[in-house]
Structure formats: C-alpha cells, structure tokens
Amino acid sequence: STAGLFGVKRYGVHINGYIVSDSGEVSMWLARRSLTKQTYPGLLDNLAAGGLAAGVGIKQTLVKECQEEACIPAAIAEKARPVSTVSYTYEEEDGVFAEGQFVFDLELPLDFKPRIGDGEVQDFYLLPIDEVKELLATDDFKPNCAMVVLDFLIRHSFIDPDTEPCYQEFVAGLHQTLE
C-alpha cells in the first residue's frame, strides 16, 4: 500500500460482471462501496476489484476478490476473460500516483446474484446498459471504476465513434501515463 509513496506504479484487477438476457439485452452488475470504506465511501464500483500484492498472480487476485467481495465461487470467477488495461495518474495530498488496472469481463449466469462478502460493499445492482451510461455521466462512480466501465462500453460498442463526438478522447484517456 505504500509503494506509490516511493514512485512505484501500483496495479490492480477490476472485474466487469454482466449478464446477457435470452433476448440479447446486456445488463451490468455494479457494487456500491460501503459507507465505512476509507476511500470513496458510498460510490459505485465494479463487481469486484482489488490491488495486486507482491507474489500474488493476477488471476489469483481476481478469484480472491470475487470470492471476498461478491461471494462468487471460484468455478465461476475463473471464467473471467482478460480484455484490457487502463492506466492513469492522480494527485492526492501525499503526492502524484500512477496506477494500472488489469480489466476482466465476467459473463455471469442469469440466475446468479452476488452477495455481500467482506463488508467492502453495501449493495449490488443489476442495471441495464442505458442506465449504466447515464450513471457514468454523474459523480456517483469511484473515478477509476468509471474508467473500467467506460472501457467495457466502448469495447462492446455501446459507445461508438459515429454517435459519440468525444470517442477518440475517451479511448486515449483510458491509457494515460505520467509524463
């Protein structure tokens, strides 16, 4: 957790959980962070996410976070597909920090419902993509989680260059590095 203070880029894993209905409609599972979380309490988050610890693999972290935060069995979590990364820097009172997130998509069974596990989440919501897009335009998301959701929407063509004038800036913004 102190790596960033020494200028070391921190990494994490974020999981987009979604379902596809029998009619082909996509809905996304979002988490609302616990009000007792030290950072970004009460904001929307991805289905599960967590930082990488030294000596722990990316997929191992994914499975662990899915189990701890959303009670997703390992047999389901292991079906998550690596699909992208997002990179960014942000500034806090302690300094400027660089982070990179490994992004996974996990299509969940229609009848699966995540459950609160370790108390980092206060609730889960299954929302249609149009509602997710509307929420993305608000301040209701933890910032890096908004980037992960935006990446999902672009990759699945829910946001496309013919209808979104800021498409190029959105794509470029998902891959910012410290200069």
Side-chain angles (χ1 to χ4, degrees), residues 9-33 39-40 42-52 58-59 61-63 65-66 69-70 72 76-91 97-114 121 123-179:
K9 187 172 184 175
R10 296 183 286 196
Y11 291 92
V13 175
H14 282 244
I15 301 96
N16 290 305
Y18 68 100
I19 63 164
V20 180
S21 72
D22 293 336
S23 64
E25 297 294 314
V26 177
S27 296
M28 181 177 265
W29 281 104
L30 296 176
R32 182 157 311 272
R33 295 167 67 83
T39 57
Y40 304 102
L43 293 185
L44 290 173
D45 202 327
N46 302 111
L47 174 65
L52 290 177
I58 296 165
K59 192 73 168 215
T61 299
L62 175 144
V63 171
E65 294 296 334
C66 282
E69 293 183 4
I72 300 171
I76 293 176
E78 288 170 354
K79 295 179 181 178
R81 296 179 305 113
V83 291
S84 187
T85 63
V86 297
S87 301
Y88 51 89
T89 57
Y90 64 97
E91 185 174 0
F97 301 95
E99 289 191 358
Q101 304 297 337
F102 294 94
V103 178
F104 288 76
D105 286 353
L106 176 58
E107 183 175 349
L108 292 160
L110 289 172
D111 62 348
F112 180 81
K113 293 187 177 25
V121 171
D123 210 352
F124 289 101
Y125 308 102
L126 180 61
L127 301 174
I129 289 299
D130 285 342
E131 192 170 336
V132 173
K133 286 171 69 173
E134 289 173 18
L135 285 168
L136 201 56
T138 70
D139 292 330
D140 206 24
F141 268 95
K142 181 180 175 211
N144 64 343
C145 299
M147 293 176 69
V148 171
V149 171
L150 177 62
D151 176 72
F152 179 91
L153 297 173
I154 290 168
R155 285 184 294 98
H156 290 270
S157 299
F158 294 111
I159 296 175
D160 67 64
D162 282 331
T163 59
E164 175 51 62
C166 297
Y167 184 87
Q168 183 89 19
E169 291 84 358
F170 286 167
V171 173
L174 295 172
H175 306 284
Q176 295 294 312
T177 56
L178 195 58
E179 296 178 11

Residues Tyr18 and Asp105: side-chain donor-acceptor under 3.5 angstrom: no
Residue pair Tyr90, Asn144: steps toward the side-chain contact (heavy atoms from CB on, under 4.5 Å) verdict: CA-CA 10 Å; Tyr90 64 97; Asn144 64 343; over 6 Å; no
Check: Glu107 main-chain N/O paired with Lys79 side-chain donor or acceptor under 3.5 Å: no
Within 6.0 Å of CD in Glu169, more than 12 heavy atoms from elsewhere: yes
Heavy-atom pair with the smallest gap, counting every atom of Pro128 and Ser27: CA-OG, 3.8 Å
Distance, nearest 0.5 Å, that separates CZ of Phe102 from NE2 of His14: 11.5 Å
Atom pair CG/CG of Asn46 and Leu106 - distance to nearest 0.5 Å: 12.0 Å
Lys59 to Phe104 - nearest heavy-atom pair and separation: CD-CE2, 4.3 Å
CH2 on Trp29 to CG on Asn16, rounded to 0.5 Å: 14.5 Å
Main-chain N/O of Cys166 paired with Glu164 side-chain donor or acceptor, under 3.5 Å: yes
Lys142 side chain vs Arg33 backbone, donor-acceptor pair below 3.5 Å: no
Stepwise side-chain contact (heavy atoms from CB on, under 4.5 Å) check, Ile159 with Leu150: CA-CA 8 Å; Ile159 296 175; Leu150 177 62; 3.6 Å; yes
From Leu47, Val149, Leu126, residue fulfilling side chain to side chain contact (heavy atoms under 4.5 Å, CB included) relative to Leu30: Val149
Stepwise side-chain contact (heavy atoms from CB on, under 4.5 Å) test for Leu127 and Val132: CA-CA 6 Å; Leu127 301 174; Val132 173; 3.9 Å; yes
Reported CG-to-CZ distance for the pair Leu43 and Phe141, which is rounded to 0.5 angstrom: 9.5 Å
Over all atoms of both residues, closest heavy-atom pair of Lys9 and Ser87: NZ-OG, 3.7 Å
Cation-pi geometry met for Arg32 and Tyr125 (6.0 Å, 45°): no
Side chain proximity check, Thr138 to Leu44, heavy atoms < 4.5 angstrom: no
Test side chain to side chain contact (heavy atoms under 4.5 Å, CB included) applied to Asp160 - qualifying residues, sequence neighbours left out: Asp162, Thr163
From CA spacing to verdict: side-chain contact (heavy atoms from CB on, under 4.5 Å), Phe97, Arg10: CA-CA 8 Å; Phe97 301 95; Arg10 296 183 286 196; 3.5 Å; yes
Leu62 CG to Glu78 CD distance, which is reported to the nearest 0.5 Å: 9.0 Å
Distance in Å, Ile129 CD1 paired with His156 NE2, rounded so as to fall on 0.5 Å steps: 8.5 Å
Residues that Phe112 engages under ring pair (Phe, Tyr, Trp, His ring centres under 6.0 Å), provided they are two or more places apart: none
For the student: nearest non-hydrogen atoms of Arg155 and Ser84, plus distance: NE-CB, 3.9 Å
